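To start, the structure under review is shown below, and the notes come after it.
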Protein chains: 2
Amino acid sequence: MDALKTVKTTARPIRRATLHHSAVAELRAMILDGELPPGVRVPEVQLCEQLGISRTPLREALRVLSSEGLVELRPHRGAIVAPVDPNEIAAIFEVMDALERLAGTLACKNGLEAEFTKLDRMHDQLVAQHEAGERAAYFLTNRQIHAQIVAMARNPALEATYGGFATKILRARSLANYDAGRWQESVDEHEVFMKALRRRDAEEFGALLADHSRRTAVAVIQALQPVRAP
Amino acid sequence: MDALKTVKTTARPIRRATLHHSAVAELRAMILDGELPPGVRVPEVQLCEQLGISRTPLREALRVLSSEGLVELRPHRGAIVAPVDPNEIAAIFEVMDALERLAGTLACKNGLEAEFTKLDRMHDQLVAQHEAGERAAYFLTNRQIHAQIVAMARNPALEATYGGFATKILRARSLANYDAGRWQESVDEHEVFMKALRRRDAEEFGALLADHSRRTAVAVIQALQPVRAP
DNA sequence: AATCATTATTTTGTATACAATTTGGCACGG
DNA sequence: CCGTGCCAAATTGTATACAAAATAATGATT
């Protein structure tokens, strides 16, 4: 007696089966990984055979990435991977500070108890990775922590906007090698705002997150300066 | 002795000649004007002959609008104009408040003298249009004022994000008829934050703008409630 | 008569072919 | 020797044709 006709195979019934959607994901990853460095031209046919798809879905993907700001479309002149402009990154961080503050405040108000404890565990992991000098793992955990905070804000619009900026910032970071001294500072700041979080002090937590973001901005932009385009 | 080889015919040498780009603009306008109401299906071929273009550029346009959140793509099931979800609008306003505050603070710091006076003139116009009961003209001026403030912030990332949200909010507004009582209130709030602006009190101006945004949010969302989908 | 299965139609997704524009090179003239 | 104009190759923009999937319509079976 099966009451259901269809079996729920997975929690998310949305299957992204279309090629153009896969192409977006693939290209985005390639751009983030630096496989497609900023400023480089994106020849359609070459990428087509590389991805094993036709031009149609690839072009659709390029339009989407353009609207995300990861590529620039120059009519009749081909697409290029969007260059990383320090001024643009600075502007993004200026907005990001405000978003971090908002995320922090809302997360404090809307987060579930289980999420707070999860955040605590993640923070412990972060500190451990810092002490162990595991740079790559640290950065990943760091991103996950901030993503978790944003998720706890329970605001899809904030999450989407934050994600878009985070992507661009991530790309800038991967270009500019991070200052070593900033690492310790950053961990300290995490310690501080986590204390505010444990007190459930929403305003203070938000303010500290914004401050953390601002300091990160300074470090990233500074590290970006020597990369002057040749 | 002309030192320049090319004559600058216009300030923006970028010409948007491609069909898919025109299609994006056209469709976006149609969605905003309510010509394509929320939830309605978007049959590709029908729109193609209506716009006089082929399916290829139209589909590219749909992907862009999807990435902007104005249409929803359901794989193999066609695209629909994104429904206006009160919860989504509420979430957007929550972010918008923060953006308004940021815009106000930055505008106060980075605005040029000429721009401040221009804003004053626009405000006078706004008040006049309110007194004259010119509803449509008032709303236009209102939008222009806020756009001007955002422009004065000198932050392209903020401007783009703000613009995207403003588009969605505008669509929600056009659906829900605005409460009459709110109109007077709104003008009063404009009066108040303009005073702060004339004092060049950046923090206060930002705070008042955020407050204005929050109150607008309440009014819009309330006006949106009776529109329960049948 | 109602339900299910199967088929037909419509619509979307993808690939390919054609048109238009840009860019690099080359010859010609100054 | 340099600049200008024209031509050719390559690449993008658009249109159309074909394939796949979903919806509907129909008929058979109970």
Side-chain angles (χ1 to χ4, degrees), chain A residues 1-10 12-27 31 36 39-67 70-82, chain B residues 1-7 9-10 12-28 31 36 39-67 70-82:
Chain A
M1 285 87 163
D2 40 10
L4 297 174
K5 277 184 287 190
T6 58
V7 180
K8 288 186 179 179
T9 54
T10 171
R12 48 169 90 173
I14 301 160
R15 41 182 170 180
R16 301 176 168 177
T18 68
L19 285 190
H20 99 264
H21 211 295
S22 314
V24 168
E26 193 65 33
L27 287 176
I31 292 174
L36 290 175
V40 86
R41 283 202 58 219
V42 186
E44 295 183 358
V45 284
Q46 182 182 318
L47 275 181
C48 281
E49 48 194 35
Q50 191 170 339
L51 296 179
I53 63 177
S54 171
R55 274 184 65 209
T56 306
L58 180 87
R59 285 170 57 80
E60 291 178 355
L62 285 179
R63 298 306 184 281
V64 171
L65 291 173
S66 161
S67 131
L70 285 180
V71 310
E72 277 183 19
L73 298 179
R74 303 166 306 173
H76 290 284
R77 299 188 55 194
I80 62 172
V81 177
Chain B
M1 292 83 169
D2 42 9
L4 296 174
K5 277 183 287 189
T6 59
V7 180
T9 54
T10 172
R12 48 170 90 174
I14 301 160
R15 43 183 168 179
R16 301 175 168 178
T18 67
L19 284 189
H20 98 265
H21 211 296
S22 314
V24 168
E26 193 65 32
L27 287 176
R28 189 159 33 204
I31 293 174
L36 290 175
V40 87
R41 282 200 59 219
V42 186
E44 295 182 359
V45 283
Q46 181 182 319
L47 275 181
C48 281
E49 48 194 35
Q50 192 170 339
L51 296 179
I53 62 178
S54 169
R55 275 184 63 210
T56 307
L58 181 87
R59 284 171 59 80
E60 291 178 355
L62 285 179
R63 299 299 134 81
V64 171
L65 291 172
S66 161
S67 133
L70 285 180
V71 311
E72 276 183 20
L73 298 178
R74 303 165 307 172
H76 291 284
R77 299 189 54 195
I80 62 172
V81 177

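All chains are named by letter (A, B, ...) in the order of the sequence lines, taking the proteins before the strands, and each is independently numbered beginning at 1. Given the structure is predicted, the values throughout are model-derived calculations rather than measurements.
In terms of heavy-atom proximity, Val81(B) sits nearest to Ile31(B) at CG1-CG2, 3.9 Å. Residues Leu47(B) and Leu27(B) approach most closely at CD1-CD2, 3.8 Å, considering heavy atoms.
Rounded to the nearest 0.5 angstrom, Glu72(A) CD and Arg77(A) CZ are separated by 11.0 Å. To the nearest 0.5 Å, atoms CG (Leu73(A)) and OG1 (Thr18(B)) are separated by 8.0 Å. Note that the CG atom of Leu58(A) and the CZ atom of Arg63(A) stand 9.5 Å from one another [nearest 0.5 Å]. Distance OG/Ser67(A) to CD/Glu60(B): 13.0 Å, rounded to 0.5 Å. Note that the OG1 atom of Thr56(A) and the CG atom of Leu19(A) stand 10.0 Å from one another [nearest 0.5 Å]. Here Leu70(B) contributes atom CG and Arg28(B) contributes atom CZ; the two are 7.0 Å apart, rounded to the nearest 0.5 Å.
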Restricting to nitrogen or oxygen on both sides, can you table the protein-nucleotides 5-7 of chain D pairs closer than 3.5 Å?
none

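Between Leu58(B) atom CG and dG13(C) atom C1' there is a gap of 14 Å when expressed in whole angstrom units. Here dT11(C) presents its C1' atom at 14 Å from CG of Leu73(B), a figure rounded to the nearest Å.
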Strictly under 4.0 angstrom, non-hydrogen atoms only: write out the protein contact profile of nucleotides 11-16 of chain D, one letter per nucleotide from the 5' end, B, S or -.
SBBBBB
